K.L.:
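Let me begin by handing over the structure; questions about it come next.
Bear in mind that the values here come from a model prediction, so they are computed numbers and not experimental data.
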Amino acid sequence: MTDIKQKKENVKMHLKDLRHNLKKMHLQVTEELILPKPGDVKDLMDKMHRLLKLIESK
């Protein structure tokens with residue numbers, strides 16, 4: 001697999017993971033009326049930061 005294809009797959013994987021986590025968090029807030037733990041929010045922010053670094057690195 002070429003470097004560009006590998007990078008694209010990594011981005012897809014990160015986005016899929018973020019989407020899943022955000023969807024889960026959204027359901028907890030809207031349906032169960034449970035606010036996310038600060039650590040969970042920080043973990044998602046860290047994942048988003050890593051994704052941004054991956055996208056920006058060319």
Side-chain angles (χ1 to χ4, degrees):
M1 191 178 292
T2 65
D3 189 43
I4 294 173
K5 285 184 181 181
Q6 181 64 43
K7 191 174 183 180
K8 186 175 179 178
E9 288 301 315
N10 287 342
V11 169
K12 281 183 183 180
M13 181 186 66
H14 282 286
L15 284 171
K16 189 175 184 177
D17 183 47
L18 281 170
R19 183 174 185 260
H20 172 74
N21 289 332
L22 287 169
K23 191 182 254 189
K24 181 180 171 184
M25 193 177 285
H26 178 262
L27 288 174
Q28 287 177 335
V29 171
T30 57
E31 294 179 1
E32 300 172 22
L33 303 176
I34 298 172
L35 290 177
K37 297 175 186 171
D40 293 342
V41 174
K42 184 172 180 350
D43 288 344
L44 282 176
M45 288 173 57
D46 289 341
K47 287 181 181 181
M48 290 172 71
H49 181 70
R50 286 194 303 269
L51 177 60
L52 183 60
K53 283 180 126 180
L54 181 66
I55 291 171
E56 289 177 340
S57 66
K58 288 187 176 182

K.L.:
How many angstroms lie between atom CZ of R50 and atom NE2 of H14, to the nearest 0.5 angstrom?
P.N.:
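If I round to the nearest 0.5 Å, the distance is 7.0 Å.
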
K.L.:
Can you tell me if CE on M48 sees more than 12 non-hydrogen neighbours from other groups inside 6.0 Å?
P.N.:
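Check fails, neighbour count at 12 or below.
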
K.L.:
Please report the interatomic distance CG(D43) to CE(M45), rounded to the nearest 0.5 Å.
P.N.:
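Those atoms lie 10.5 Å apart.
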
K.L.:
Say whether L27 and V41 are linked into one hydrophobic cluster, either directly or through other cluster members, by side-chain heavy-atom distances under 4.5 angstrom.
P.N.:
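Per the 4.5 Å side-chain linkage, L27 and V41 are not co-clustered.
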
K.L.:
Between atom CE of M25 and atom CG of L35, what is the distance when rounded to the nearest 0.5 Å?
P.N.:
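So the CE of M25 and the CG of L35 are separated by 10.5 Å.
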
K.L.:
So how far is it from I4 CD1 to E9 CD, rounded to the nearest 0.5 Å?
P.N.:
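Reported value, rounded in 0.5 Å steps: 13.0 Å.
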
K.L.:
Can you measure from NZ (K24) to CG (L44) and round to the nearest 0.5 angstrom?
P.N.:
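K24 NZ to L44 CG: 10.0 Å, rounded to 0.5 Å.
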
K.L.:
State, to 0.1 Å, how close L51 and L18 come at their nearest heavy-atom pair, and which atoms those are.
P.N.:
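For L51 versus L18, the nearest heavy atoms are CD2-CD1, 3.7 Å.
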
K.L.:
Would K42 and D46 pass as an ion pair if we require N to O under 4.0 Å?
P.N.:
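Answer for the salt bridge query: yes.
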
K.L.:
Assigning hydrophobic clusters by single linkage (Ile, Leu, Val, Met, Phe, Trp, Tyr; side-chain heavy-atom cutoff under 4.5 Å), is L52 placed with L22?
P.N.:
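No, it is not one cluster - the side chains of L52 and L22 are not joined through contacts under 4.5 Å.
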
K.L.:
Tell me the closest heavy-atom pair linking T30 and L33, and the distance in Å.
P.N.:
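Nearest pair, atom of T30 first, then L33: O-CD2, 4.0 Å.
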
